[in-house]
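Inspection log for the structure reproduced underneath, given as structure tokens.
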Protein chains: 2
Amino acid sequence: MTTGTIHNINTWLTQINNDFKAAVSVDCVIFGYDDDALKILVSKCDMPPFEHEYSLLGDIVHPDETTDESAKRVLIAKTGFTDVFLEQVQVFSDLNRHPLGRVITVAYFSLIKIDKDHLDHLEKNAHLQWLDVNEIRSLAFDHFNIMHTCLRKMQKQIREQPIGFNLLPKNFTLLQLQRLYEVVLNIVLDKRNFRRKLKGLGILKDIGEIEEAVSHRPARLYTFDESVYENKKVTGFNFEL
Amino acid sequence: MTTGTIHNINTWLTQINNDFKAAVSVDCVIFGYDDDALKILVSKCDMPPFEHEYSLLGDIVHPDETTDESAKRVLIAKTGFTDVFLEQVQVFSDLNRHPLGRVITVAYFSLIKIDKDHLDHLEKNAHLQWLDVNEIRSLAFDHFNIMHTCLRKMQKQIREQPIGFNLLPKNFTLLQLQRLYEVVLNIVLDKRNFRRKLKGLGILKDIGEIEEAVSHRPARLYTFDESVYENKKVTGFNFEL
DNA sequence: CCAAAAGTGTTATATTTACACCCATGC
DNA sequence: GCATGGGTGTAAATATAACACTTTTGG
């Protein structure tokens, strides 16, 4: 192919041939943290040849929405949460990744709090299920690959930005936060160093309350102080642990 | 919209309606470093209403190629280089981003060495031009936005991985390398600390030669030792400056 | 001899790591 | 009283930051 003859969508191409159109979808890796495990929300897949696999939650992108909007729509529809942390990760476009034909998908990951209200909602979607990321051996389509890519990106991002709070209840103890990092990153953290680091960042607010109904000394409860974070962010911020 | 009624491309949807197909393109932010400036390769745009703007190099994604392959094809066609550093950045899918209709684009950035052979090749593509990223005020379509997003991602990545070498000749002096970082990141670096840091990383190989034809004390020439980097990468590597 | 970049070490400061004990609560 | 996690400080090691002069080459 010579340089003079290739199409160029940014110059003299004047119409788009139908042969060059593709279906575009979004797929969401929805992370939740529960029971000291990192989980993702999946759905039973009933499309051959993946009838006995689980798949990520996704949908085709509608003509009147961006891919970000599409991913948000999927999340709201499936989880009921309207205010979700959502991050675009990567396009997957292998030619035969989907049995319906050419489907180019944009992968997203999302972090949500698994709570009682949420579980009630999920009961209406009996086909949905939480899987421990460490126990997943395969998923439908190329979703195992997508899940892994999103997991790596999330692990990187959780070290650089305070996004882990999205996985915890509004108020949490320092040990809960530490365990979250340990589980997500598969590492062991030193309690004192972890606490010093987080208090030093100044993004935690002691809400002046303590745990209730625990069979040990109750811990103080903290919340993520987003306003402090927003102020510091501009000057640079290192969340490394 | 209720949860029971949304489409789901991963379950019971059995065909893809043409109304749900879109044109998919790739757009490449091709970075080059020359004359102590970071530049990008652009093309004169002749599509209304952007006749007097420059645009990124891109093309529609063909039915028989992934988006990565598509981006690589554009790069080879426009620059002649077959072995290019290429990184997927993000999807841009605003509804009216392209005058031909719905075009969802996948943005990539690429790092290449600007050298004489390259310039010879470009002369055959008279519509191509290098623009200093600091002097660009606008580009066609949403390309200014795309360029900025790619620039930020590249700046982040160059601090974490030794990708800067892709912008330099095979052999280079330490000062050239330092200037590259200073220009790309808009920072000032300390010469001694920079040298200590890089020598400590062990990824530079002194090739035993010196600069020629310079009107000052000639500097040693180094090259990037990829094999050492590949070995170290698995154990973790911090390229922060 | 002048201009231009090459090349080189030390000290102070900040950050990170490693590590052990007493405390409060429920049962 | 015992099991469980809550909560705290210090010292060593490492990494980062600041800083100035002599050397070598070409013109």
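Each chain gets a letter, A, B and so on, in the order its sequence line appears, and its residues count up from 1.
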Item to check | Closest nucleotide among C/dA6, C/dG9, C/dC19 to the B/R192 side chain | outcome: C/dG9

Checklist entry - Looking at D/dG6, C/dA18, D/dA17, which one has an atom nearest to any side-chain atom of A/L175? => result D/dG6

Closer than 4.0 Å, any side-chain N/O of [X] to the OP1 or OP2 of [N]?
| X | N | result |
| --- | --- | --- |
| B/K197 | D/dT16 | yes |
| B/K199 | C/dT8 | yes |
| B/R195 | C/dG7 | yes |

Checklist outcome for this item: In this structure, CG of B/D59 is separated from NZ of B/K78 (nearest 0.5 Å) by 8.5 Å

Next on the checklist: So, taking the atom named CG in B/L128 and the one named CG in B/L57, what distance separates them when rounded to the nearest 0.5 Å?
Outcome noted: 5.5 Å

Checklist outcome for this item: Residues at least two apart in sequence or cross-chain that pass ring pair (Phe, Tyr, Trp, His ring centres under 6.0 Å) with A/H216, listed by chain then number, are none

Next on the checklist: Is it the case that the side chain of A/S70 and the backbone of A/T66 share a donor-acceptor pair, with hydrogens and angles ignored and the cut-off at 3.5 Å?
Outcome noted: no

Next on the checklist: Between B/Q88 and B/V106 (side chain of the first, backbone of the second, donor and acceptor by atom type, cut-off under 3.5 Å), is there such a pair?
Outcome noted: no

List, one per line, each side-chain donor-acceptor pair under 3.5 Å for residues 168-176 of chain B, sequence neighbours excluded.
| unit_1 | atom_1 | unit_2 | atom_2 | d |
| --- | --- | --- | --- | --- |
| B/T173 | OG1 | B/Q176 | N | 3.1 |
| B/Q176 | OE1 | B/T173 | N | 2.8 |

Integer-rounded Å distance: [N] [atom2] and [X] [atom1]:
| X | N | atom1 | atom2 | answer |
| --- | --- | --- | --- | --- |
| B/R179 | C/dA4 | CZ | P | 12 Å |
| A/L174 | D/dT4 | CG | P | 21 Å |
| A/L198 | D/dG7 | CG | P | 14 Å |
| B/L189 | D/dA17 | CG | C1' | 12 Å |
| B/N193 | C/dA12 | CG | P | 16 Å |
| B/D190 | C/dT11 | CG | C1' | 14 Å |
| A/I187 | C/dT17 | CD1 | P | 10 Å |
| A/K191 | D/dT4 | NZ | P | 14 Å |

Next on the checklist: So that I can tick it off, tell me whether A/E160 and A/K156 are bridged by a salt bridge, with the cut-off set at under 4.0 angstrom between side-chain N and carboxylate O.
Outcome noted: yes

Next on the checklist: Please give me every residue in residues 211-221 of chain B whose heavy atoms get under 4.0 Å of an atom in DNA chain D, ordered by residue number.
Outcome noted: B/V214, B/S215, B/H216, B/R217, B/P218

Item to check | Residue whose closest nucleotide on DNA chain C lies nearer the 5' end, A/R196 versus B/Y222 | outcome: B/Y222

